[in-house]
Amino acid sequence: MPKEQGRYQLIWQTVKQIPKGRVASYADIAALTGLPGQQRLVGYALHNLPRNSDVPWQRVINAQGKISFPPRTARYRKQKALLEKEGVVFEKGKVDMEKFGVMPWLERMS
DNA sequence: AACGTGACAAGGC
DNA sequence: AGCCTTGCCACGT
């Protein structure tokens with residue numbers, strides 16, 4: 001099997017592990033992938049996702065709890081709808097990272 | 001092989 | 001609250 005075809009493969013794997021109904025920031029994914037501080041790389045990897053992948057890209061939002069697309073665009077609405085369908089709640093266009101973020105969730109597990 | 005770019009983030013005004 | 005700057009680095013030209 002082909003080993004690594006780029007770091008984005010590793011990033012995609014991490015994103016796949018985000019449970020349904022939770023979200024992670026780009027920086028969270030970078031850190032969990034072992035690439036701390038490389039949040040821009042995460043954005044790049046998701047931008048280059050193949051069309052029919054099973055990667056839950058919608059669960060990655062920015063550190064402010066907001067979707068990183070301009071509001072009012074089709075992509076923005078798509079992502080928001082997918083998340084709401086999973087039970088993620090938006091208040092004033094933002095998600096409460098303490099409630100829905102993976103990092104606090106991981107801590108509560110331990 | 002240099003250069004611009006990006007679905008980011010944090011800090012300064 | 002916004003806008004600007006800087007750090008970050010793999011990829012396609």
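Per the geometry, CG belonging to A/L46 stands 11 Å off C1' belonging to B/dC8, to the nearest Å. Separating the CG atom of A/L82 from the P atom of B/dA7 is a distance of 18 Å, rounded to the nearest angstrom. Between the CD atom of A/Q38 and the C1' atom of B/dA7 there is a distance of 17 Å, rounded to whole Å. Across the protein-nucleic acid pair, A/H47 atom NE2 and B/dG4 atom C1' stand 14 Å apart, rounded to whole Å. Summarising the geometry, the separation between OH on A/Y44 and C1' on B/dA9 is reported as 20 Å, rounded to the nearest angstrom. If you take CG of A/L35 and C1' of B/dA9, they are 16 Å apart, rounded to a whole angstrom. Between the CD1 atom of A/I29 and the C1' atom of B/dC8 there is a distance of 13 Å, given to the nearest Å. Between A/I67 atom CD1 and B/dC8 atom P there is a gap of 13 Å when expressed in whole angstrom units.
Considering every non-hydrogen atom in both A/I18 and A/A24, the closest pair reads CD1-CB, 3.9 Å. Listed here is the closest heavy atom pair of A/P50 and A/W12: CD-CH2, 3.6 Å.
Each of A/K66 and A/L41 lies near DNA chain C, and the nucleotide nearest A/K66 is the one positioned closer to the 5' end. Residues A/R40 and A/Q64 each lie close to DNA chain B; by heavy-atom proximity, the contact nearer the 5' end of the strand is made by A/R40.
For A/A63, counting side-chain heavy atoms from C-beta on, the closest listed nucleotide (B/dA10, B/dA7, B/dC8) is B/dA10.
Checked by distance alone, A/Y26 brings a side-chain donor or acceptor within 3.5 Å of a matching partner on the base of B/dA7.
Residues A/D28 and A/V42 fail the side-chain proximity criterion, which asks for heavy atoms closer than 4.5 Å.
Residue A/W57 forms a side chain to side chain contact (heavy atoms under 4.5 Å, CB included) with just one option from A/K16, A/H47, A/Q79, and that option is A/Q79.
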